[in-house]
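For reference, positions follow the sequence shown, starting with 1.
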Amino acid sequence: MNKPKRRKSFNVDFERRNAPISLIVSDVDGESFDKKELRNRAAYFLLNGAPEFSVNEENGKLKLLAADKDFYAYKGTGATEVQVRIYHFTENNAETFSCIEKLKAENLETMEEAYLMQRLVKEFALTQDDVAALIGRSRPAVANTLRLLTLEPEVIGLIESGKLSAGHARTLVKVPKNQQYGFAAEAIKRGYTVREMERAVKAFLTPPEVLQAEKDAKAAMKSAELKAFVERMRSVFRTKVSLIGNDKKGRIYIDYYSAEDLYRFEELLNVIEDFND
């Protein structure tokens, strides 16, 4: 019997206390954030109360582990003190925890999430199952996000610029790399939905003979449905019924051979009209 895989774990004990903002340091430059967005977040904190930040204690300094944008926004309110959760991680665990916290708590762009997940897998030796469990997502969701990193850099650039959605981009993973950008550009130009993009990629990857076989099978099925429909009409009208055309357009001929046939058709129409009333 196979032993169940053990997921990665590390100590996440912390102490909560108020700390001077001057002791908190961030690896992210506050100038990299949009000033208007910081002011809006600062106004939000003034109205709704101060946030709580996760920090790691290092040599008397408190190193911010996540929420850098919120930290600079709150600092902009003029506050001098803030509540923090203080951890005592090793450097490696501090980086791991920081990536996890950012994936859990921050509103990140898709590619930012992908890069953080990649760090957890490659640098910190977590499995995709570990990442999924630690950030509260499904393993397929993690795997789908990581697959975006296998795309051509030009396509990744389109995602990062917001010109191509992650949903559109995921359909390109199976397309040869030298043709991915062409598909992406065409999707943007034509305004494809994700479903339309999926169909275009499927048509490109499927051999012509297979596509023709699928088309023939679909046509045969529709033809069988039409034949069954004509047979039903013959059974109801009790006379010859002919159909010329296909499932989209055509003509139906109903033969009659006597006044009794016409009378029977009229009775059927009366029943339909009474039902509609």
Side-chain angles (χ1 to χ4, degrees), residues 9-120 123-124 126 130-138 141-142 145 148 156-167:
S9 61
F10 49 88
N11 181 26
V12 289
D13 291 336
F14 64 87
E15 57 177 306
R16 181 180 278 115
R17 70 169 186 253
N18 288 338
I21 284 183
S22 59
L23 291 182
I24 301 175
V25 295
S26 169
D27 287 336
V28 180
D29 186 356
E31 296 298 317
S32 63
F33 297 115
D34 181 77
K35 297 294 187 293
K36 182 177 180 181
E37 189 174 359
L38 290 181
R39 287 196 298 271
N40 289 339
R41 292 296 293 163
Y44 173 84
F45 293 138
L46 287 171
L47 290 172
N48 296 280
E52 181 181 70
F53 295 102
S54 298
V55 297
N56 194 48
E57 192 163 33
E58 297 179 2
N59 302 319
K61 290 287 185 179
L62 303 177
K63 185 177 180 180
L64 195 64
L65 293 171
D68 300 271
K69 185 188 295 183
D70 281 352
F71 170 71
Y72 284 110
Y74 186 66
K75 194 174 181 180
T77 65
T80 58
E81 196 174 67
V82 69
Q83 189 173 72
V84 293
R85 287 180 295 172
I86 300 178
Y87 298 85
H88 298 277
F89 291 127
T90 62
E91 183 177 349
N92 189 68
N93 278 352
E95 288 294 317
T96 305
F97 184 79
S98 177
C99 290
I100 292 168
E101 284 293 283
K102 288 176 181 178
L103 284 165
K104 285 170 58 177
E106 297 187 15
N107 185 22
L108 302 175
E109 299 293 336
T110 302
M111 294 312 303
E112 291 179 292
E113 291 187 340
Y115 292 128
L116 286 172
M117 290 179 186
Q118 185 184 54
R119 286 197 68 195
L120 290 172
E123 293 183 35
F124 307 122
L126 298 184
D130 292 331
V131 176
L134 288 167
I135 67 175
R137 300 188 197 176
S138 68
V142 171
T145 301
L148 295 174
I156 291 176
L158 292 174
I159 304 170
E160 291 175 331
S161 67
K163 294 179 181 178
L164 189 72
S165 76

**Report entry** Nearest-0.5 Å distance, CG of residue D70 to CG of residue L38
**Finding:** 9.0 Å

Requested in this report: Using the side chain to side chain donor-acceptor pair (under 3.5 Å) rule, pick out the option among Q118, R137, K102 that qualifies with E113.
Outcome: R137

Query raised in the report: How long is the span from the CG atom in L148 to the CD atom in E160, to the nearest 0.5 Å?
Result: 10.5 Å

Query raised in the report: Can any side-chain N or O of T96 pair as donor or acceptor with the backbone N or O of N92 at less than 3.5 Å?
Result: yes

Report task. For S165, enumerate each residue passing the side-chain hydrogen bond (donor to acceptor under 3.5 Å, both in side chains) test, keeping only those at least two apart in sequence or located in another chain. Result -> H168

Query raised in the report: Any idea which heavy atoms bring T110 and A166 closest together, and the distance?
Result: CG2-CB, 3.7 Å

Report summary line: For K35, the salt bridge (Lys or Arg N to Asp or Glu O under 4.0 Å) test, sequence neighbours excluded, returns E31

**Report entry** Those residues that, when tested against K61, pass side chain to side chain contact (heavy atoms under 4.5 Å, CB included) (two or more places apart)
**Finding:** V25

Report summary line: S54 meets the side-chain hydrogen bond (donor to acceptor under 3.5 Å, both in side chains) criterion, sequence neighbours left out, with R85

Report task. State, to 0.1 Å, how close P51 and Y74 come at their nearest heavy-atom pair, and which atoms those are. Result -> CD-CD1, 3.6 Å

Query raised in the report: With respect to L62, which candidate in I86, I21, V82 satisfies the side-chain contact (heavy atoms from CB on, under 4.5 Å) definition?
Result: I86

Requested in this report: Report the residues that fulfil salt bridge (Lys or Arg N to Asp or Glu O under 4.0 Å) with E58, sequence neighbours left out, ordered by chain and then residue number.
Outcome: none

Query - D68 versus S26, closest heavy-atom pair with distance - result: OD1-OG, 2.6 Å

Query - Atom pair CZ/CD of F53 and E101 - distance to nearest 0.5 Å - result: 12.5 Å

Report summary line: Of all heavy-atom pairs linking C99 and L116, the shortest is SG-CD2, 3.8 Å

Query raised in the report: Residues in side chain to side chain contact (heavy atoms under 4.5 Å, CB included) with A43, at least two apart?
Result: none

Report summary line: Nearest heavy-atom approach of A42 to A73 is CB-O, 3.3 Å

Requested in this report: On the 0 to 90° scale, with breaks at 30° and 60°, tag the F14-Y87 ring pair as parallel, tilted or perpendicular.
Outcome: tilted

Report task. Apply salt bridge (Lys or Arg N to Asp or Glu O under 4.0 Å) to R17 and list each qualifying residue two or more places apart in sequence or on a separate chain. Result -> E15, E57

Report summary line: Taken in chain and number order and not counting sequence neighbours, the residues that satisfy side-chain hydrogen bond (donor to acceptor under 3.5 Å, both in side chains) with K63 are D27

Query raised in the report: Between atom OG1 of T77 and atom CZ of R41, what is the distance when rounded to the nearest 0.5 Å?
Result: 12.0 Å

**Report entry** Test side chain to side chain contact (heavy atoms under 4.5 Å, CB included) applied to L134 and L120, step by step
**Finding:** CA-CA 11 Å; L134 288 167; L120 290 172; over 6 Å; no

Query raised in the report: With sequence neighbours excluded, what pairs up with E109 under the side-chain hydrogen bond (donor to acceptor under 3.5 Å, both in side chains) test?
Result: none

Query raised in the report: Is a side-chain donor or acceptor of S98 paired with a backbone partner of A94 at a separation under 3.5 angstrom?
Result: no

Requested in this report: Could you tell me the separation between the CD atom of E112 and the CG atom of L103, rounded to the nearest 0.5 Å?
Outcome: 10.0 Å

Requested in this report: Just do the side chain to side chain contact (heavy atoms under 4.5 Å, CB included) check on E123 and E95 with the steps written out, would you?
Outcome: CA-CA 10 Å; E123 293 183 35; E95 288 294 317; over 6 Å; no

Requested in this report: Please report the C-alpha distance between I24 and K75 in whole Å, then the side-chain angles of each, then the deciding distance to 0.1 Å, and finally whether the side chain to side chain contact (heavy atoms under 4.5 Å, CB included) criterion is met.
Outcome: CA-CA 10 Å; I24 301 175; K75 194 174 181 180; over 6 Å; no

**Report entry** Contacts of type side chain to side chain contact (heavy atoms under 4.5 Å, CB included), residue N18, not counting sequence neighbours
**Finding:** E81, Q83

Query - Over 12 non-hydrogen atoms of neighbours within 6.0 angstrom of OH in Y115 - result: yes

Report summary line: In short, N56 meets F89 closest at the heavy-atom pair OD1-N, 2.7 Å

Report task. Could you pull out all residues at least two apart from E91 that satisfy side chain to side chain contact (heavy atoms under 4.5 Å, CB included)? Result -> none

Query raised in the report: To the nearest 0.5 Å, how far apart are CE in M111 and CD1 in I159?
Result: 5.0 Å

